[in-house]
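Below, chains carry the letters A, B, ... as their sequence lines are ordered, and counting in each starts from 1.
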Amino acid sequence: MKPAAVNWILGTATPVACAVLWWAGSAESANPFFPPLASILGRFEDLWLFDHFGSDVLVSLGNLAVGYVLAVVIGVVLGFLFATVAPVRWMFEPVVHFVRGIPPVALVPILITVIGFGAEMRIASIVLAALFPTLIATMDGIRSVDGVVRDVCAVYRLGPMERMARVYLPSAGPRIASGMQVSLQIAFIVMIASEMLGSSQGIGAMTLLAQQSFLAADMWAGILLLGLIGFLTNLVFDIAKSRALAWYIGSRRQERAS
Amino acid sequence: MIATSAQDPHAHVESARRGTTRPESAPRGAEPRLDVAGLGKSYGSGATAKEVIGDLTFSVEAGEVVCIVGPSGIGKTTLLKCLAGLHPASKGEMRIDGRTISGPPPEIALVFQDYSRSLMPWLTVEKNLLLPLRHLRLPRTELRARCEEALEAVGLTHAAGQYPWQLSGGMQQRVAIARALAYRPEILIMDEPFASVDAQTRFDLEDLCLRIRDGFGMTILVVTHDIDEAVYLADRVVVLGSRPARVLQVVDVDLPSPRDQISTRALPEFAAQRTEVLALIKRPA
Amino acid sequence: MIATSAQDPHAHVESARRGTTRPESAPRGAEPRLDVAGLGKSYGSGATAKEVIGDLTFSVEAGEVVCIVGPSGIGKTTLLKCLAGLHPASKGEMRIDGRTISGPPPEIALVFQDYSRSLMPWLTVEKNLLLPLRHLRLPRTELRARCEEALEAVGLTHAAGQYPWQLSGGMQQRVAIARALAYRPEILIMDEPFASVDAQTRFDLEDLCLRIRDGFGMTILVVTHDIDEAVYLADRVVVLGSRPARVLQVVDVDLPSPRDQISTRALPEFAAQRTEVLALIKRPA
Amino acid sequence: MTTTLAPPRAAARASGAASALRRPGAGVLGAALVLVAWQAAALSGAVGSGLPTATATGAELARLTVLPGFWLDIAATVGIAMAGLAASTVIGVALGILIGSFEPFRAATLALFEFLKPIPPIVVLPLMVLVFGPTAEMAILLVVLGCALTITIQSTAGVHDTDPVALATARSYGLGRIETLLRITLPSALPFIGMAVRVSAPASLIIAVVAGLLGGAPGIGLSLYQAQAAGNYTTLYALVIVLGVLGLALQSASERIERRLLHWHPSHREGAL
Amino acid sequence: ASSPPASDGSPTTLKVGTIGIGSDAALAYAQEKGYFADEGISVETTVVANPPAGIAAAQSGQLDLTYTPSIPLLNALSQKVPLKIVAAADGYSDDALKDPDSGKYDDTGLFVRSDSGIARPKDLEGTSVSVPARRAQLEVTVSKAVADDGGDPSKINWMVLDPSSAMQSLEQGRIDAASLIAPFTARAKDAGHVLLASPGLKFFERGAIGLWVTGPQAAQGKEAQLEAFERAIYKANAYANAHPGETLQKIAEVTKTAPEVVRLGALGYWPDSVRLDDVQRTNALLAELGFLKEEVPLDATIFLNAPS
Ligand SMILES: Nc1ncnc2c1ncn2[C@@H]1O[C@H](COP(=O)(O)OP(=O)(O)OP(=O)(O)O)[C@@H](O)[C@H]1O
Ligand SMILES: Nc1ncnc2c1ncn2[C@@H]1O[C@H](COP(=O)(O)OP(=O)(O)OP(=O)(O)O)[C@@H](O)[C@H]1O
Ligand SMILES: [Mg+2]
Ligand SMILES: [Mg+2]
């Protein structure tokens with residue numbers, strides 16, 4: 001058999017084997033915190049397909065989407081500003097690094113005190129926490145545009161808007177994308193945390209509720225759903241990224257092959 | 001394409017770019033196309049200033065190919081960047097047709113030493129060519145025609161839709177040259193354009209360079225490490241030396257045209273010319 | 001140092017590495033030091049196999065400098081990797097002193113085309129030199145002596161404590177050569193060792209190469225793109241061509257020794273030899 | 001589809017915390033502006049009673065610094081983060097070398113890791129709290145869950161990324177397997193490992209705080225929760241500022257360590273030609 | 001009667017989790033007045049975020065004992081978490097319900113703003129009501145109060161908020177009602193909010209509500225010490241009941257609340273035993289209200305020492 005085929009089989013078989021092991025290993029489980037996978041899946045179906053889907057899952061995802069998009073837009077715009085206007089950068093870069101250093105989840109209690117615990121708070125938390133990776137990546141990406149590329153722009157006398165749109169933005173693209181990916185992960189974490197603190201709706205709240213009432217199967221179902229959402233959002237992001245940055249991925253592959 | 005271009009294709013390029021015809025009364029030839037007079041360049045300022053170019057004087061006539069040779073780090077790239085208006089001169093003057101250079105002059109296109117970094121990897125070959133043309137606000141057909149012509153000149157018509165990193169080094173270098181050609185500069189400046197390509201490709205690119213001069217009527221300035229190449233290409237070779245850099249000598253190359261890779265290089269005059277340059281370079285600093 | 005080394009430094013190298021003296025009765029010179037017979041090499045297997053080398057036959061005598069030239073991608077690096085035992089041959093045989101090569105032979109040191117990647121950036125120059133010596137379990141003083149000797153030969157004694165990336169390209173290349181020298185191979189193989197260094201450094205490195213041959217009595221095989229360089233360096237030039245690669249011709253170079261950058265290159269015989277090789281290369285495939 | 005972060009090259013140096021402090025004058029001005037805006041917002045009452053003034057927060061901060069419990073909290077949080085990070089590094093590098101050196105392992109774990117990677121540790125927090133209780137051990141375990149995978153994936157990529165020319169060099173000079181691993185592969189992978197650890201350092205702090213805030217583990221996270229629950233907003237803000245300082249310190253410390261270990265790497269070189 | 005000290009002669013330390021509310025006063029007495037020392041044990045307290053967290057810690061062996069109201073305990077027992085009741089922490093005296101001014105005994109309260117227009121529990125249908133934790137004591141008791149008043153508790157939008165945030169949110173009108181526990185009930189009164197109902201006493205009627213429970217590890221390995229804890233804490237409970245004035249001060253101290261504010265709140269009661277009947281009554285109510293799928297099978301095995 002070809003090595004590629006063996007690898008493919010190994011790659012797909014391992015996760016399947018893990019799932020089977022879990023199923024078999026937990027089937028007889030009497031441990032209150034490790035219920036049988038079968039009952040977890042049963043609760044998963046009861047809870048999320050589609051009983052609480054509209055009331056909780058969609059609410060969570062909506063907050064995530066709105067918060068994340070806002071964070072990315074603000075991050076890119078501010079990053080551009082910081083990268084291109086040096087005095088602004090000198091003034092606020094230390095502050096940005098300081099705020100970035102604060103664990104994003106710690107901002108949730110603060111935002112609760114300032115704007116309460118509604119959807120606004122959750123979205124604001126997501127925006128505030130997810131903003132910084134994108135902002136910093138954009139700033140770094142623009143600032144580290146290759147000197148030769150800058151010279152090419154000058155020699156061919158490209159205008160400032162043209163430089164921004166056609167050269168700096170695509171050149172910083174790979175970095176911005178990795179910043180956005182980190183932002184996405186943080187947004188997801190903060191989504192959960194903001195629901196665990198001061199909320200009765202959303203997947204995070206449901207999972208915490210299950211924990212506090214010792215409904216282990218419900219809690220596992222929540223963990224499973226959150227894991228699945230984390231995985232899927234990341235997957236969607238990866239697909240979008242590999243579309244937008246096909247040139248980058250291709251050139252990297254080329255570079256490695258040579 | 002090149003063979004069939006107009007007798008004064010340059011005037012044609014001119015008018016195409018500017019939309020007006022250059023006044024024929026301009027004292028062409030009366031003064032050199034490109035003129036470097038007492039140029040000096042230091043990097044940094046104050047105590048950390050580093051004088052790279054001491055005092056350079058030379059000139060390039062319209063339609064000439066001039067090669068610049070000199071050891072690594074002497075300041076060849078620095079000189080070209082000054083000419084292209086990327087760095088201001090620290091002292092002395094650079095003039096194009098008598099007008100002092102300040103800021104990137106529209107007459108000049110520069111092909112960078114590091115082609116792999118000067119091409120935008122996110123643009124296809126064609127889009128790379130179009131990048132500097134967009135702001136000229138030319139009609140679509142004109143844009144397309146220019147790209148096609150330039151790609152044809154470098155023999156890469158088939159690669160228009162590919163990305164630079166999908167091409168070999170020699171092909172990338174040719175794309176960078178094509179981009180400069182499509183821009184239709186009056187003066188084409190190239191920084192070690194043929195380093196790190198194999199001998200065969202190098203020969204082809206050298207001949208391409210001579211063909212461009214003849215076909216587009218451009219004035220060409222080439223920096224190279226390779227003395228054989230300099231002698232083969234140039235009408236004149238400017239030899240740089242000492243630190244800070246100055247012109248050791250300008251060697252006039254007297255070889256018949258058109259040149260041919262095998263027969264020209266086999267001429268005894270060729271050997272004599274390259275020995276002359278070699279001796280200048282090898283001379284202890 | 002080199003000038004004062006033993007008359008048969010090679011035997012000395014041998015005995016130092018193996019701890020025994022080579023039987024003097026070995027039929028030296030009776031068979032070539034390095035012998036490539038009908039070598040073929042394909043990458044991949046089955047339907048995706050790509051035959052890079054078709055059928056190569058040539059040999060190198062002890063103490064010779066042989067240059068291999070040929071267009072890019074023809075398989076020069078592949079050939080060297082086969083010789084160094086990094087890839088198995090697909091067909092044919094390679095022999096050192098009559099013994100078939102299988103696995104990296106201790107007699108050979110290979111200087112890679114890409115010196116910047118073959119030097120370990122996390123090790124100083126000296127530690128880079130020591131890297132291949134450690135497992136020979138030599139006494140400390142011997143290790144130190146070997147490093148010093150090799151660095152002196154390439155003129156980098158002062159750089160022992162620096163990191164490779166703190167050195168210029170030419171210096172890095174010399175470090176890679178020094179590492180090979182410190183290993184004391186009988187056969188030194190170098191893959192385009194002088195690409196991308198400036199003309200002056202290149203001349204120096206070329207002369208270094210000839211000095212090594214004379215001083216250490218090594219057999220040297222050099223791949224290069226540069227035909228002038230090949231003719232200048234070599235006792236014989238192996239010209240590769242066509243795809244899959246085969247030997248187009250082996251050109252015997254008949255130039256006086258010792259060679260000199262200025263006078264040797266100015267000889268009419270030099271011009272004739274390079275024209276001969278050039279013609280072989282330029283010939284349409 | 002594995003997106004491993006390649007270590008930045010010299011041309012693309014990341015702007016770290018250290019570089020942020022390069023122009024202190026302007027930075028101080030910016031910080032002062034932010035503080036004044038905060039003070040004004042708090043005094044105006046526009047954002048409600050939940051926002052204490054900057055000055056009150058400063059005073060609270062000064063009060064906290066003389067309490068031994070405060071320092072114990074910091075020690076607990078930093079200790080949890082560091083212990084978890086150290087454990088993650090050991091596990092991650094060991095696994096990375098194993099997986100990176102043997103293709104079947106890599107193939108077997110690729111999809112699994114791809115699936116697990118985007119799942120943040122906060123997801124399993126409820127379970128961890130149930131099983132291990134609100135303890136430091138639980139928090140450390142959570143940190144390991146959050147960081148080990150990243151380090152493993154990066155180490156694997158680093159081992160895999162070892163320059164083939166460097167490996168060929170080692171082979172052609174007859175270096176053995178172990179020697180090649182120690183002298184070539186590991187140093188080559190070090191930039192990736194260093195990068196992963198640097199990325200994981202703030203993450204470990206975040207998780208240590210989350211474990212306290214949402215899981216009741218000891219440390220600043222728990223104090224944060226208690227301050228919020230008791231309505232001590234000045235304490236809450238003071239603690240958040242402490243966390244910012246801790247984060248900054250951790251970032252620059254990890255950057256400094258990385259620079260030490262990787263002074264030879266293109267992203268850290270000084271005086272390269 | 002003192003339990004055997006650890007082999008090295010120093011008293012064995014019990015790790016005890018509390019949630020930092022007024023009923024901790026008895027724990028403080030046992031500590032300060034040396035009741036624990038008398039029994040040959042020492043106690044180290046840890047504040048946990050909420051009762052479920054304490055239960056989790058107890059079952060995993062991180063804590064030897066934890067405070068929990070009976071409802072989270074029943075939730076846990078229904079999921080077969082092996083816990084045992086050691087002693088009573090707080091609750092209602094048997095006479096409280098008979099007192100016409102029964103409200104003064106209830107340490108829980110449902111508060112609305114004075115201008116809210118909500119007059120009775122039934123009006124809470126369709127509004128947002130804060131609770132400190134879901135499916136725990138306050139949600140259950142408030143649900144019962146609403147149901148008893150003819151309303152539908154499932155139409156209430158429950159918000160999980162810690163007491164401080166709940167008070168603040170009530171003030172800002174982000175929630176319509178806040179369910180609070182002492183000392184926050186007192187603070188809410190102090191802030192001028194209106195007590196809509198005291199759901200605790202009506203629900204539980206009498207007996208121990210807050211319990212000291214232990215997990216399987218301590219129950220096996222530290223039985224003697226737990227019994228010592230039981231004796232000491234009941235001594236302290238008796239003292240607390242006997243000295244209401246002093247206890248008020250103690251509550252103010254342990255909850256860091258002003259004494260005048262504490263005085264506005266309920267009279268605490270520290271029971272001297274836990275009765276299976278009382279737990280069973282709660283059990284039945286939970287099942288009736290749908291918080292438990294079915295009643296948890298209870299018998300004396302849920303006690304470390306079967307109640308007399
Ligand atoms: N931006 C800069 N700031 C300071 N020094 C510089 C800068 N650019 C180049 N130099 C220095 O100026 C000198 C000349 O550099 P330059 O690149 O012009 O040489 P070159 O002749 O083109 O060399 P090569 O043949 O290797 O390309 C070098 O010593 C270099 O280190
Ligand atoms: N590991 C490999 N797998 C498959 N193909 C390879 C591999 N290495 C080289 N090749 C192919 O083999 C051919 C010869 O490559 P090689 O590197 O030997 O050429 P070369 O003559 O050294 O070229 P250059 O002068 O550019 O260094 C090329 O077409 C290359 O793409
Ligand atoms: Mg240069
Ligand atoms: Mg090669």
Side-chain angles (χ1 to χ4, degrees), chain A residues 3 6-8 10-15 18 33 87 90-107 109-110 112-114 136 139-140 143-144 146 175 178 181 185 188-189 192-193 196-197 207-208 210-211 214 216 219-220 222-223 226-227 230-231 233-234 238 242, chain D residues 1 3 5 11-15 17 20-21 23 26-27 29-31 33-34 47-48 50-51 103-104 106-112 115 117-120 122-124 126-127 129-131 202 205-206 209-210 213-214 221 224-225 227-228 233 236-237 239-240 243-248 250-251:
Chain A
V6 174
N7 286 347
W8 194 86
L10 274 174
T12 42
T14 320
C18 288
F33 302 128
W90 296 333
M91 273 171 67
F92 293 110
E93 208 180 356
V95 176
V96 164
H97 279 286
F98 177 78
V99 180
R100 172 178 81 145
I102 300 173
V105 177
L107 297 173
I110 281 216
I112 291 180
T113 67
V114 177
I136 288 167
M139 188 165 73
D140 286 351
R143 285 178 65 199
S144 59
D146 197 321
R175 279 215 174 187
S178 13
Q181 193 147 23
Q185 278 157 9
F188 184 58
I189 292 175
I192 300 171
M196 287 185 170
L197 283 173
T207 307
L208 194 71
Q211 180 222 316
F214 301 92
M219 183 182 70
W220 276 98
I223 290 175
L226 284 172
F231 173 73
T233 47
N234 200 58
D238 268 339
S242 59
Chain D
M1 191 153 294
T3 44
L5 306 151
R13 169 177 273 167
S15 92
L21 305 170
R23 276 183 199 258
L29 183 65
L33 271 181
V34 171
V47 281
L51 181 66
E103 194 54 30
R106 215 172 97 83
T109 52
L110 197 66
L112 202 61
F115 180 76
K117 194 174 60 165
I119 302 173
I122 190 176
V123 167
V124 292
L127 177 73
V129 173
L130 275 191
V131 177
L205 186 67
I206 293 176
V209 171
V210 168
L213 185 65
L214 300 175
L224 210 60
Y225 173 81
Q228 189 218 8
Y233 296 136
L236 179 65
Y237 276 73
L239 287 174
V240 167
L243 282 176
V245 173
L246 271 187
L248 215 54
L250 198 63
Q251 263 175 52

Region of [X] that comes under 4.5 Å of a non-hydrogen atom in chain A:
{"X": "D/Leu224", "answer": "side chain"}
{"X": "D/Val123", "answer": "both"}
{"X": "D/Val245", "answer": "both"}
{"X": "D/Val34", "answer": "side chain"}

With D/Ala107 via side chain to side chain contact (heavy atoms under 4.5 Å, CB included) - residues at least two apart: A/Asn7, A/Leu10
Shortest non-hydrogen contact between D/Ala111 and A/Gly11, atoms and distance: CB-O, 3.5 Å
Nearest heavy-atom neighbours spanning A/Ala210 and A/Met219: CB-N, 3.5 Å
Interchain contact, A/Phe188 with chain D, by part (heavy-atom threshold 4.5 Å): side chain
Residue, of A/Leu226, A/Ile110, A/Thr233, A/Ile189, that accumulates the most heavy atom pairs under 4.5 Å with chain D: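 The residue among A/Leu226, A/Ile110, A/Thr233, A/Ile189 with the greatest pair count is A/Ile110.
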Residue, of D/Pro120, D/Gly221, D/Pro202, that accumulates the most heavy atom pairs under 4.5 Å with chain A: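 Highest number of pairs under 4.5 Å: D/Pro120.
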A/Leu107 and A/Ile102, any side-chain heavy atoms less than 4.5 Å apart: yes
Close side-chain approach of D/Leu33 to A/Val95, heavy-atom, < 4.5 Å: no
Separation between CG of D/Leu29 and CZ of A/Phe92, rounded to the nearest 0.5 Å: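 One gets 7.5 Å once the value is rounded to the nearest 0.5 Å.
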